[in-house]
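Heads up, the thing below is written out as C-alpha cells.
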Protein chains: 2
Amino acid sequence: MVYLDPPFFSQKIQCMKDSNGIEYRFSDIWETRGEYIEYIRIRIEEIKRVLKETGSVFLHCDDSASHYLRMILDDEFGENNFRSEIIWVYKRWSNAKKGLLPGHQTIFFYSKTSNFKFNTIYKEYSPTTNIDQILQERVRNSEGKASYKYDKKGNVVIAKEKKGVPMSDVWEIPFLNPKAKERTGYPTQKPIELLEKIIQISTDEGNLVLDPFCGSGTTLVAAKMLNRDFIGVDKNPSAIELCNRRLAEPTKTVSRLLQVGVDAYRTKTDEELAILNMLGCDVVQRNKGIDGFLKKFYLGAPVAVKIQKSYESFSEAINLLNNAGKKKKCSFTVMIRTSEGLVDSEIPIPSNMIVIDGLDLQLNASLLKASNNYNKRLMRG
Amino acid sequence: MVYLDPPFFSQKIQCMKDSNGIEYRFSDIWETRGEYIEYIRIRIEEIKRVLKETGSVFLHCDDSASHYLRMILDDEFGENNFRSEIIWVYKRWSNAKKGLLPGHQTIFFYSKTSNFKFNTIYKEYSPTTNIDQILQERVRNSEGKASYKYDKKGNVVIAKEKKGVPMSDVWEIPFLNPKAKERTGYPTQKPIELLEKIIQISTDEGNLVLDPFCGSGTTLVAAKMLNRDFIGVDKNPSAIELCNRRLAEPTKTVSRLLQVGVDAYRTKTDEELAILNMLGCDVVQRNKGIDGFLKKFYLGAPVAVKIQKSYESFSEAINLLNNAGKKKKCSFTVMIRTSEGLVDSEIPIPSNMIVIDGLDLQLNASLLKASNNYNKRLMRG
DNA sequence: ATTCTTCCTGAATCTTTAA
DNA sequence: TTTAAAGATTCAGGAAGAA
C-alpha cells in the first residue's frame, strides 16, 4: 500500500517550529498548474510500477486541486480502479471568512487491480436502527418488496450473525490540535488515527507500506505500531531525522475527545437545552455557575443564565450564579427556578439577578389559584 | 442563484414508482464521457449568462464524475470563483460491498464574481470550547504570544458580542428515508433541508432561484417556503405535473404552505416536547388544538395544554384550544404564549383557561424593567 | 496592484487550582 | 493522594490595513 500526502497546490509556504526551535519548512508554490500536475504524475506512475497486484494507493489532498489529482489517478490506474473518495471531516479552530469554513480533506482510494486486498471494518449500528432488521431473516416477494421471513410454523427466522455496519467513506477524526502532545512541530502533520484506518483496511500484518512524502513520519509510526513493514521518503533531511526520533519511541496519544466521544462533553439535559434555546442562549458546558449566555448583551455586558438543578438548593444556586456572573463581568444574571430544586429561599436575591419561575412552577401556582376560586364559588353557591 | 442536480454519469437507468403507480424514469446513460461533459458544459454556459453579477451556482454531483464537472466550472466561472466544495454527509441503509460504504455527495459552490451575495449562518460553539476565550478580550505580547487582556485594575476585559461559529462546508443532513412523508416517489429526490441551507446562504427574500433540472421540485418548494421567487425546468412532463401538485396543493396562502410543509417533516419540535415534558404532560400528536394533557386531573377532569405556534396568532390559538378543550370535557386548559407567535390578544380569555407566558417573554419583560431601573438610577445620579 | 504585517478566532488540548 | 473543575495556550488561515 502507498499513502501519499504530496504538497498541495495552495501557493503558500508551509512553515513551523518545534519546541526545540528547529524550523521545518516547505513550499506549496508552483510556477504553473501544469508543472504541479507533471510533478505528481511522474510519482504516481512510479507508485503504480512498484505496487503489488493486490495493492492500493491513497492520495491525500485538499479541495484546491483535487479534481486534477483525480484525473491523474484515473489516467494511470484506470477509472474502473477508483474505489472511494474518502472524506476526512474535522472541526477546527475557526477564522473569519466570507463563505463556508473549510472542514474536510479528501483522500482518493485507487487499487491497482480489481483483485485488491480489503479488510472491512465494522461499526456499531445507528441507535435508530430497528433490531428486527438485524435479527430477522428477510425475503423479497414477487413485487420485489422486502418483508420478514417466516418458517412453516409461522415463526420468525433468525438471520445469521451480523458484524455491524461496514465503515462509510466519511471519517470524522479530530484535527491534530495545536496543544496535542502528538504534535511534532512539523507543518501539515496528520493524526495517527487517520493513517491507522487506511493501513487497517488495505493491508495485513507483515505487509509493506510506502509513504513517498513522509514528512514527520506519521504513516511510518502507524505502520510500525500495527506491525507492518514500512518505507518512508522525504527530501528534507530534518524530516528524516524527526521520523527516526519518532520511530525510536512510537507513541500515540489517545485523544480524549475520540475516546469518550463528543457527547461526554454535553452535560445538559434535553429540558435544560430547551430552556436555554427558548431564551436564545449560547450553551456553556464547563462552568458550574453558568449554563448559558444570552446571545445579546445588555448594558454592554453579557448576561449569564443558570437553571437551578435538582440537587441544588435555591440559595446554593444563587450563590453559584452570582459569583460566576461577577467573574464574567455580567450586567445581569438570570436564574430559572425549578420545582425539582430544593426550596430554601432564605438569602436575599442580588439586585442585578432576575429570577424566573419555570413553567411547571407557574402552572402549579395558577392551577391552585384557579381551583381555589372554583371551590369558593361552589361554597357561595 | 442556480442550483442544479443534473443526471449523474452513473450509466444506470433511474426508475421509481410513486404511490399511485405512476412511474418516473430517466436515463443516466451516455454514449461517451465527452458527450456527457458537452451536455453539461452547454448548460453551465447558459447558467453563467443568465446569472446576476452577485449570483452563485451550486452543482450537485456524486463521486462518479465530480472531477469532470468541477473542470467545467473552473473553465466557465474561473477557478478564483471557486468558493467551496460542500460535502453532504448522510448515513444510509447499508449494502454489502467490498470497499467503503458511500456516505456523501458533493456540491460545488461557485460565484459569478468575487462580489457575491453571502449570508453567514452561525452555529453553536463546540461543547469542548472554553467560554473564557469567547468572552474575554486577548492581546499579544512582544514575543507574539497571545494572552488574556487585563485593565489597569487587573480585571479581565470583556470582548464584544459574538455570534457563534460560522457554518462549515460539511453538512450532515439525513438522507430521505424511504418512509418519509416528504417523499414524492421521484428518484434522486433531495431533502428540503439541504436546499433550504443553500438558498439561505446565497439569497435574500424576494431573490430569484433557478433549478434547470427541477425533478420533483424540492428546490422550488424550499424557495417558496423561504419567500424567494423561483423558476423550475424539466424535460419530463410528469415531473412538471408533480412539481405543480407539490407547489399548489395547499391552495390557501404561502404561510399555510409553510405550515403544511413544516408539519410534513416534524410534528412537534424538540422545544415543544421539552415544554410538555417539563409540565408533566402526555403528548398528543394529532390534534390541532391540544399538544398534551397533564398527567394529573384537576377537579376530576383532564387539563389540556397548548403551545402557541409561530404561525398562529394569539386569538387563533385561544379559539383552537378552547373548542378542543370543551370537546374533551376539560376542567381547565393551559395556554403557553410564545414570543414567536403573532401577537393579537383582542379576544377575551375564557375563565377556565390559564395563560402562561413562555420563559423568553418573561425574561424580555424583566430585562426591560431592570434596564429602565438602571437608567433611572443613572439619571438621578 | 502587489506584498508584507498585524489582527482575530475557537477547538482541543495542557496546566493550575480547588475539592 | 487523587480527581475534577477552571483557566491558559497554541496555530491555520482569512481579513484588513500598511508599506
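Just so we're clear, the structure is a prediction, and the values are computed from it rather than from any experiment. In the text below, chain A, chain B and the rest are named by the order of the sequence lines, each starting its count at 1.
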task = Mind calculating the distance between CG (B:Asp132) and P (C:dA12) to the nearest angstrom?
result = 17 Å

query = Got a sec: does the CD of B:Glu124 have more than 12 other heavy atoms crowding it under 6.0 Å?
reply = no

key: Gap between atoms CD1 and P, on B:Ile131 and D:dA5 respectively (whole Å)   = 15 Å

query = Heavy atoms under 4.0 Å, any strand shown: does B:Tyr125 hit a base, just sugar-phosphate, or nothing?
reply = sugar-phosphate

Any A:Lys327 side-chain nitrogen or oxygen under 4.0 Å from OP1 or OP2 of D:dG7 = yes

key: Residue whose nearest DNA chain D nucleotide is more 5′ - B:Gln133 or A:Asn287   = A:Asn287

message = Tell me if a side-chain donor or acceptor on B:Asn81 pairs with a main-chain N or O of B:Tyr110 at a distance below 3.5 Å.
response = no

request  = Would you mind telling me which residue lines up with the more 5' stretch of DNA chain C, A:Arg286 or B:Arg138, judged by nearest nucleotide?
outcome  = B:Arg138

Show the distances under 3.5 angstrom between N or O atoms of the protein and N or O atoms of nucleotides 1-3 of chain C.
none

note = Whichever of A:Trp93 and A:Lys179 has the more 5' nearest nucleotide on DNA chain D, that residue is A:Lys179

message = A:Leu101 vs B:Val165, test: side-chain contact (heavy atoms from CB on, under 4.5 Å). Steps then yes/no.
response = CA-CA 9 Å; A:Leu101 234 50; B:Val165 190; 4.3 Å; yes

ask   = Should B:Ser126 be listed as having a side-chain N or O under 4.0 Å from OP1 or OP2 of C:dA12?
value = yes

task = Return the nearest nucleotide to the side chain of B:Lys162; candidates are D:dA8, C:dT9, C:dA11.
result = C:dT9

task = Return the value, rounded to whole Å, for the distance between atom CG of A:Asp63 and atom C1' of D:dG13.
result = 13 Å

Integer-rounded Å distance: D:dG14 P and B:Arg83 CZ = 11 Å

ask   = Within the structure shown, what part of the strands sits under 4.0 Å from B:Gly164 by heavy-atom distance: base, sugar-phosphate, or nothing?
value = sugar-phosphate

message = Classify B:Lys123 by what it touches in the nucleic acid, base, sugar-phosphate, or nothing, heavy-atom distance under 4.0 Å.
response = nothing

ask   = When the distance from CD of B:Gln136 to C1' of D:dT9 is rounded to whole Å, what number comes out?
value = 13 Å

message = Minimum heavy-atom separation for B:Lys112 and B:Leu51, please, with both atom names.
response = NZ-O, 2.7 Å

task = May I ask you to test the B:Ile107-B:Ile198 pair for a side-chain heavy-atom distance under 4.5 Å?
result = yes

key: Phosphate OP1/OP2 of C:dA12 contacted by B:Thr128 side-chain N/O (<4.0 Å)   = yes

remark   = Among the nucleotides D:dA6, D:dG7, C:dT9, whichever has the atom closest to the side chain of A:Lys328 is D:dG7

query = For the pair made of NZ in A:Lys181 and P in D:dT9, what is the distance, rounded to whole Å?
reply = 17 Å

request  = Report the base-pairing partner of C:dA1 (Watson-Crick or G-U wobble, both distances below 3.5 angstrom), or none.
outcome  = none

Ring geometry between A:Phe175 and A:Trp93 (parallel below 30°, tilted from 30 to 60°, perpendicular above 60°) = perpendicular

Any B:Lys149 side-chain N or O less than 4.0 Å from OP1/OP2 of C:dC7 = no

request  = With DNA chain C as reference, determine whether A:Glu182 or B:Glu137 sits nearer its 5' end, using the nearest nucleotide of each.
outcome  = B:Glu137

ask   = Out of D:dG14, D:dT10, D:dA6, which nucleotide sits closest to the side chain of A:Pro102?
value = D:dG14

message = If I take atom CD in residue A:Glu172 and atom P in nucleotide C:dA11, what distance separates them, rounded to the nearest angstrom?
response = 13 Å

message = Counting only side-chain nitrogens and oxygens, does A:Arg92 get under 4.0 Å of the OP1 or OP2 atom of C:dG10?
response = no

task = Among the candidates D:dT9, C:dT9, C:dA12, find the nucleotide nearest to the side-chain atoms of A:Lys91.
result = C:dA12

Spatial distance of atom OG1 (B:Thr54) from atom NZ (B:Lys117) [nearest 0.5 Å] = 8.5 Å

remark   = Against the side chain of B:Thr129, the closest entry in C:dC14, C:dT9, C:dG10 is C:dG10

request  = Report yes or no: do B:Thr113 and B:Asn115 form a side-chain donor-acceptor pair below 3.5 Å?
outcome  = no

ask   = So how far is it from B:Ile121 CD1 to B:Lys197 NZ, rounded to the nearest 0.5 Å?
value = 7.0 Å

inquiry  = Please report the distance, rounded to the nearest Å, between CG in A:Leu176 and C1' in C:dA11.
reply    = 12 Å

Could you write out each protein N or O paired with an N or O of nucleotides 15-17 of chain D at a distance under 3.5 Å?
residue, atom, partner, partner atom, Å
D:dA15, OP1, A:Lys98, N, 3.2

query = How close do A:Cys214 and A:Asp234 get, heavy atom to heavy atom, and via which atoms?
reply = N-OD2, 3.7 Å

inquiry  = Measuring from the side chain of B:Asn130 (C-beta onward, heavy atoms only), which nucleotide among C:dA12, C:dT9, D:dA6 has the closest atom?
reply    = C:dA12

message = Which residue in the set A:Glu182, A:Glu193, A:Arg246 passes side chain to side chain donor-acceptor pair (under 3.5 Å) when paired with A:Thr218?
response = A:Arg246

